Engineer: 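My structure is below; once you've seen it, I'll send some questions.
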2 protein chains.
Amino acid sequence: MAREMLRQGGRSARIQTAVHAATRDLLETIDRSAITVPMIAEKAGVPPSTIYRRWGDIGDLLADVALAHMRPIADPTDTGSMHSDIETFIIEYAEEMSSGVGREMLSDILGSSSGGAAQQCCHYTIHHLETLRDRAEQRGEAVFDIAAAMDKIVAPIVYHIMFRDREVTPDYCRALISDFLGKTAGR
Amino acid sequence: MAREMLRQGGRSARIQTAVHAATRDLLETIDRSAITVPMIAEKAGVPPSTIYRRWGDIGDLLADVALAHMRPIADPTDTGSMHSDIETFIIEYAEEMSSGVGREMLSDILGSSSGGAAQQCCHYTIHHLETLRDRAEQRGEAVFDIAAAMDKIVAPIVYHIMFRDREVTPDYCRALISDFLGKTAGR
DNA sequence: CACCTTAACGCAAATTATTAGCGTTAGTGA
DNA sequence: TCACTAACGCTAATAATTTGCGTTAAGGTG
């Protein structure tokens with residue numbers, strides 16, 4: 001993961017935006033393994049050395065871009081009940097991460113040398129679950145434990161996506177959620 | 001992951017052995033991000049072009065080496081009961097994967113382009129669990145479901161190792177196992 | 001607002017990694 | 001033993017990465 005910018009404004013920020021945009025563009029256009037730093041640099045209108053100096057290598061850059069794409073911009077949908085809130089959020093999450101680009105984003109984040117990107121990515125997921133839990137609490141519903149939800153719902157989904165040992169279908173997600181919330185607690 | 005060799009014996013096999021050995025050596029000596037193909041080639045006594053032709057890039061080579069290191073050579077220890085068999089195996093697995101080199105191996109395998117290495121790695125774990133289950137069955141103990149064990153024990157452990165969001169301690173592993181096998185089933 | 005400090009940049013040269021062509025070696029099966 | 005060809009070694013060409021150095025401009029200060 002790229003270090004935090006010491007300078008926030010102006011040129012430095014413009015370059016970050018341009019490089020991120022160029023990278024996202026290329027990720028949609030051509031195969032990820034074919035993307036090179038000079039390629040991104042040309043598209044972004046900066047010299048390659050700027051990218052190397054700022055992001056280190058292409059792995060860290062890809063992790064940074066993936067992380068930026070995962071940064072929560074909106075709260076998960078409010079569907080009226082905790083069970084369906086969780087289902088909606090988790091199924092969408094699983095679908096996004098199961099896709100080709102989703103898997104590549106996860107892979108880039110997990111492969112990043114420092115490990116900061118992975119922690120941050122995990123934190124985003126936890127943050128969303130916290131939102132759902134707080135919402136449930138305000139409704140007067142029984143709350144759930146975030147760490148337990150990570151273990152019993154998120155972890156298996158991510159595991160199967162990364163190891164490709166089974167399809168992560170909406171039905172599979174629903175089963176994990178029902179199992180976690182208690183099978184009797186139908187909605 | 002490297003494709004299977006079309007030729008099994010002689011020179012081709014010797015080169016594979018030498019390159020793997022050189023790579024493992026370097027992984028223990030210097031930082032993984034500093035390892036280059038020409039470096040490995042020199043240590044192994046082969047020209048770099050041979051490595052590029054056979055393994056594609058350094059990512060695939062590292063994944064191949066990591067996978068070879070994970071290949072089961074012996075069955076997990078027989079401790080006399082299923083619960084402690086699982087505990088012994090899982091705690092050892094978690095400890096190995098939590099270490100610096102373990103995490104890097106997982107990272108290399110998950111980052112490999114084809115995805116075959118990840119599937120294979122997962123298969124090794126399943127194979128070990130099958131051994132434990134069959135052993136329990138022969139003893140007349142109640143058996144367990146492999147897929148469920150992967151979801152409830154292995155997946156959370158691997159998730160936390162990869163995302164670095166919590167320490168994976170032996171106590172944590174024991175809790176996952178007890179929870180899976182039923183809290184009342186103390187040993 | 002003008003000035004100072006220095007992080008971050010652009011450029012270009014030097015280094016290093018990767019790819020590709022081509023002749024050679026040595027597994028494998030007849 | 002021989003024929004066939006996958007896999008190799010060598011080398012030249014190409015591409016990526018690193019590094020030094022002068023320049024630009026962000027952010028702070030008087």
Side-chain angles (χ1 to χ4, degrees), chain A residues 1-23 25-27 29-65 68 108 111-114 116, chain B residues 1-23 25-27 29-65 68 108 111-114 116:
Chain A
M1 183 190 172
R3 67 196 176 292
E4 285 307 307
M5 273 187 295
L6 283 92
R7 293 193 170 175
Q8 297 287 340
R11 179 171 64 170
S12 197
R14 273 197 307 278
I15 285 177
Q16 161 144 359
T17 304
V19 168
H20 274 223
T23 307
D25 248 39
L26 285 170
L27 280 170
T29 312
I30 64 173
D31 194 63
R32 178 168 138 284
S33 61
I35 297 176
T36 65
V37 171
M39 220 175 240
I40 296 169
E42 194 194 13
K43 207 174 182 60
V46 301
S49 60
T50 292
I51 294 179
Y52 286 118
R53 232 192 303 267
R54 186 146 157 194
W55 280 278
D57 64 13
I58 195 163
D60 288 351
L61 170 55
L62 289 171
D64 194 43
V65 171
D108 290 336
S112 176
S113 41
S114 80
Chain B
M1 182 191 174
R3 68 195 176 293
E4 285 307 308
M5 274 186 296
L6 282 92
R7 294 194 168 175
Q8 297 289 337
R11 179 171 63 172
S12 196
R14 272 197 307 279
I15 285 177
Q16 161 145 357
T17 306
V19 168
H20 275 222
T23 307
D25 249 40
L26 285 169
L27 281 169
T29 313
I30 63 173
D31 193 62
R32 178 167 138 283
S33 62
I35 296 176
T36 66
V37 170
M39 221 176 239
I40 296 170
E42 193 193 14
K43 208 175 182 61
V46 299
S49 59
T50 292
I51 294 180
Y52 286 117
R53 231 194 316 263
R54 187 147 157 193
W55 281 278
D57 65 12
I58 197 162
D60 288 351
L61 170 56
L62 289 172
D64 193 44
V65 170
D108 290 335
S112 177
S113 40
S114 80

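To find a chain, count down the sequence lines: A is the first, B the second, and so on, and within it residues start at 1. All of these numbers come straight from a predicted model, not from anything done at the bench.
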Engineer: Start with the C-alpha distance between B:W55 and B:L62, add both sets of side-chain angles, then the distance that settles side chain to side chain contact (heavy atoms under 4.5 Å, CB included), and finish with yes or no.
Structural biologist: CA-CA 9 Å; B:W55 281 278; B:L62 289 172; over 6 Å; no
Engineer: For A:I51 and C:dA8, what is the distance between atoms CD1 and C1' respectively, to the nearest whole Å?
Structural biologist: 14 Å
Engineer: Counting only side-chain heavy atoms from C-beta out, which of C:dA8, D:dG20, D:dC8 sits nearest to A:R53?
Structural biologist: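 In terms of side-chain proximity for A:R53, the closest of C:dA8, D:dG20, D:dC8 is D:dG20.
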Engineer: Rounded to the nearest 0.5 Å, how far apart are NE2 of A:H20 and CG of A:D64?
Structural biologist: 4.0 Å
Engineer: I'd like to know if B:S49 reaches the base of D:dC10 with its side chain, counting only an N/O donor and acceptor under 3.5 Å.
Structural biologist: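 Yes.
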Engineer: Between C1' on C:dA8 and CD1 on A:I15, what's the gap in Å once rounded to a whole number?
Structural biologist: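 These atoms are roughly 8 Å apart.
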Engineer: To the nearest Å, give me how far apart CD1 (A:I58) and P (D:dT18) are.
Structural biologist: 12 Å
Engineer: Whether B:R54 contacts D:dC8 is assessed here as follows: a side-chain N or O lying under 4.0 Å from the phosphate OP1 or OP2. Is that the case?
Structural biologist: yes
Engineer: I'd like a table of donor-acceptor pairs (distance under 3.5 Å, sequence neighbours excluded) in which one partner is a side-chain atom from residues 33-46 of chain B, with atom names and distances.
Structural biologist:
from, atom 1, to, atom 2, distance (Å)
B:S33, OG, B:D31, OD2, 2.6
B:T36, OG1, B:M39, N, 3.3

Engineer: Do B:R53 and B:S49 come within less than 4.5 Å of each other through their side chains, counting heavy atoms only?
Structural biologist: yes
Engineer: Whole-Å distance between D:dA15 P and B:D57 CG?
Structural biologist: 18 Å
Engineer: Which of residues 37-46 of chain A sit near DNA chain C, with a heavy atom under 4.0 Å from it?
Structural biologist: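 Output list: empty, so none.
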Engineer: Mind checking salt bridge (Lys or Arg N to Asp or Glu O under 4.0 Å) for A:R32 and listing every partner two or more places apart, or none if nothing turns up?
Structural biologist: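 Listed in chain order: A:D108.
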Engineer: Can you tell me how far the CZ atom of A:R11 sits from the OG1 atom of A:T50, to the nearest 0.5 Å?
Structural biologist: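 Result: 8.5 Å between the selected atoms.
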Engineer: Strictly under 3.5 Å: I want the nitrogen or oxygen pairs between protein and nucleotides 24-27 of chain C, one per line.
Structural biologist:
from, atom 1, to, atom 2, distance (Å)
C:dT25, O2, B:R11, NH2, 3.0
C:dG27, N2, B:R7, NH2, 3.2

Engineer: Taking CG from A:D60 and P from D:dT18, how many angstroms apart are they, rounded to a whole number?
Structural biologist: 11 Å
Engineer: Determine whether a donor-acceptor pair (N or O, by modelled atom type, separation under 3.5 Å) exists between the side chain of B:D60 and the backbone of B:A63.
Structural biologist: no
Engineer: May I ask you to evaluate whether A:T50 reaches the phosphate of C:dG10, defined as a side-chain N or O under 4.0 Å from OP1 or OP2?
Structural biologist: yes
Engineer: Start with the C-alpha gap between A:R54 and A:L61, add the side-chain angles, then the distance that decides, and say whether side chain to side chain contact (heavy atoms under 4.5 Å, CB included) holds.
Structural biologist: CA-CA 9 Å; A:R54 186 146 157 194; A:L61 170 55; over 6 Å; no
